[in-house]
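The analysis underlying the following values was restricted to heavy atoms, covering all of them including side chains, and did not include hydrogens, waters or symmetry mates. By convention in this document, chain letters (A, B, ...) are assigned in the order of the sequence lines, proteins followed by strands, and residues within each chain are numbered from 1.
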There are 2 protein chains.
Amino acid sequence: MDQTQDKRILILESALELIRENGFHGTPVSIVAKHAGVAAGTVYTYFKSKDELIVALYHYVKAGLLSEISAKDHASDPFQKRFFALWNNLIQVYLNKPAFQKFLEQFISSPYNSPEVQSGPDPWGDWLFQFFKDGVDSQTLKPLSPNILAVMVMGSVISLVRYRVYFKLKKSFAEQELQLIPQMVWDGIKNPQETNL
Amino acid sequence: MDQTQDKRILILESALELIRENGFHGTPVSIVAKHAGVAAGTVYTYFKSKDELIVALYHYVKAGLLSEISAKDHASDPFQKRFFALWNNLIQVYLNKPAFQKFLEQFISSPYNSPEVQSGPDPWGDWLFQFFKDGVDSQTLKPLSPNILAVMVMGSVISLVRYRVYFKLKKSFAEQELQLIPQMVWDGIKNPQETNL
DNA sequence: AACTATTGATTGAACGTTCATTCAGTCAAG
DNA sequence: CTTGACTGAATGAACGTTCAATCAATAGTT
């Protein structure tokens with residue numbers, strides 16, 4: 001709404017950027033504040049503590065992910081098309097906003113990801129569940145729990161992105177070969193009944 | 001060798017355990033020392049700094065992973081058998097030693113994982129590469145870069161373990177359904193020429 | 001219009017704590 | 001006696017958080 005909300009977002013974005021580069025430990029509140037153009041004390045008008053800022057950031061990032069991805073999904077398309085679109089959109093989002101991916105990775109495996117956080121609402125997880133449920137219900141995917149399918153697919157996406165982001169330096173392979181990965185994943189999860197469509 | 005080496009290992013194991021629970025930020029050197037039964041200063045006889053201790057721990061964990069996994073692999077078995085054995089062994093190791101997985105996740109996405117660390121030697125990565133190269137060479141797997149296949153497979157393993165470790169609380173599915181995941185992965189990477197063996 | 005009062009956000013210096021690291025002194029083995 | 005590991009109190013820097021003081025905007029009064 002007003003500038004008050006702007007400032008909150010400004011602080012979140014600054015924290016996101018700085019944590020991506022320097023980790024939780026390496027980003028003091030004072031620097032986040034300076035980067036956002038406010039005084040250190042101001043951060044505490046919007047967040048009760050550094051911990052709470054970081055948890056808020058987690059929800060902020062997940063909400064961003066959901067809005068970016070769901071906006072580009074067309075539920076009326078055939079599921080196979082939706083799947084490849086989802087894959088490409090995920091790769092795009094993660095590569096365009098490396099901070100999203102780096103922050104999420106850091107957060108998920110950190111002590112900030114407490115049981116309370118984990119058991120809170122998770123619109124992004126719910127959306128993913130529904131997505132794969134659509135695939136199962138339409139008999140395009142193997143008749144498995146949508147959770148399992150989501151695990152499979154997200155695991156491959158994250159792992160691929162991680163590989164490109166962290167290990168780019170070392171081993172490299174042709175960009176075009178990367179295009180084959182979603183096809184492999186698809187081969188793994190598609191319903192064999194429907195193979196010769 | 002002597003007690004000197006024992007003490008080094010003791011410090012590494014203590015750090016591993018504590019970092020798993022409390023993260024890098026939450027594990028002061030003094031506590032690591034106490035947990036290992038030595039004085040704070042002693043840590044600095046074995047490691048130049050906390051940073052160096054953490055990097056050493058990274059190599060220690062990867063070496064442990066390599067030795068556990070490679071010992072249980074039989075290069076003379078048919079590749080499909082080797083694949084499912086690898087899968088199960090990875091799951092077992094990660095579930096038996098959650099500290100391995102949690103530490104690796106934290107480390108990889110942290111600023112400790114500097115370019116220097118990334119460009120150093122990586123026996124575990126090399127072993128994985130060779131493993132999948134065997135599959136490609138024997139025409140059991142699709143004719144792709146072993147790196148890509150490794151990414152696919154490790155991504156699914158890590159994602160599955162992460163799911164079980166972090167999200168156990170929330171959504172759960174039948175244990176037996178989990179057994180279907182390696183089959184899906186296998187369906188994705190196997191060479192279709194060989195389908196009807 | 002001019003002026004004052006009130007409210008609530010904002011500032012940043014100061015506080016107290018925590019922590020990595022050091023080092024002078026102790027100890028044990030050869 | 002010598003050597004080198006070991007100890008743990010001491011050091012100093014860094015950081016999260018607080019709060020008295022300032023500022024800006026709006027409302028109220030004449």
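With hydrogens and angles disregarded, no donor-acceptor distance shorter than 3.5 Å links the side chain of B:T140 to the backbone of B:V136. Here the side chain of A:S110 pairs a donor or acceptor atom with the backbone of A:F107 at under 3.5 angstrom. Between the side chain of B:N113 and the main chain of B:S109, no donor-acceptor pair closer than 3.5 Å is present. Listed for the A:N191 side chain is a donor-acceptor partner under 3.5 Å among the backbone atoms of A:Q139.
No side-chain heavy atom of B:Y46 sits less than 4.5 Å from a side-chain heavy atom of B:L10.
Contact check of residues 21-30 of chain A against DNA chain D (heavy atom, cut-off under 4.0 Å) returns A:P28, A:V29. Contacts with DNA chain C (heavy atom under 4.0 Å) in residues 47-56 of chain B: B:S49, B:K50, listed by number.
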Which is it for B:Y58 and B:K62 under the side chain to side chain donor-acceptor pair (under 3.5 Å) test, yes or no, and what are the steps along the way?
CA-CA 6 Å; B:Y58 172 62; B:K62 287 241 263 186; 3.1 Å; yes

Please determine whether side chain to side chain donor-acceptor pair (under 3.5 Å) holds for the pair B:Y60 and B:E13, giving the CA-CA distance in whole Å, both sets of side-chain angles, and the decisive distance to 0.1 Å.
CA-CA 9 Å; B:Y60 176 75; B:E13 292 280 356; 2.4 Å; yes

Applying salt bridge (charged side-chain N to carboxylate O under 4.0 Å, His left out) to B:K142 and A:D187, what does each step give before you reach the verdict?
CA-CA 12 Å; B:K142 288 174 178 166; A:D187 286 349; 2.9 Å; yes

Apply salt bridge (charged side-chain N to carboxylate O under 4.0 Å, His left out) to the pair B:D73 and B:K81, showing each step before the final yes or no.
CA-CA 10 Å; B:D73 178 50; B:K81 187 175 174 191; over 6 Å; no

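Whole-Å rounding puts the B:K34 NZ to D:dT7 P distance at 13 Å. When the C1' atom of C:dT21 is taken as reference, atom OH of B:Y46 falls 18 Å away, rounded to whole Å.
Ionic pairing of A:R82 and A:D134 is present here: one or more N-O contacts between side-chain nitrogen and carboxylate oxygen are shorter than 4.0 angstrom.
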Check nucleotides 23-25 of chain D against the protein and report each pair of N or O atoms closer than 3.5 Å, with its distance, or say if there are none.
none

Taking only nitrogen or oxygen atoms into account, show me every contact under 3.5 Å that the protein makes with nucleotides 27-29 of chain C, one pair per line with its distance.
none

Hey, what are the protein-to-nucleotides 11-17 of chain C N/O distances that come in under 3.5 Å?
| from | atom 1 | to | atom 2 | distance (Å) |
| --- | --- | --- | --- | --- |
| C:dT11 | OP2 | A:A39 | N | 2.8 |
| C:dT11 | OP2 | A:T42 | OG1 | 2.6 |

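Listed by first and then second residue, the salt bridge (Lys or Arg N to Asp or Glu O under 4.0 Å) pairs involving residues 18-39 of chain A are A:E17-A:R20 (not counting sequence neighbours).
For the pair A:W127 and A:S70, the tightest heavy-atom approach, listed with the atom from each and the gap, is NE1-CB, 3.5 Å.
The aromatic rings of A:F132 and A:F83 stand perpendicular to each other, their planes meeting at an angle above 60°, with 30° marking the opposite boundary.
For A:F100 and A:Y94, the ring centers sit 6.0 Å or farther from each other. For A:F131 and A:F79, the ring centers sit closer than 6.0 Å to each other.
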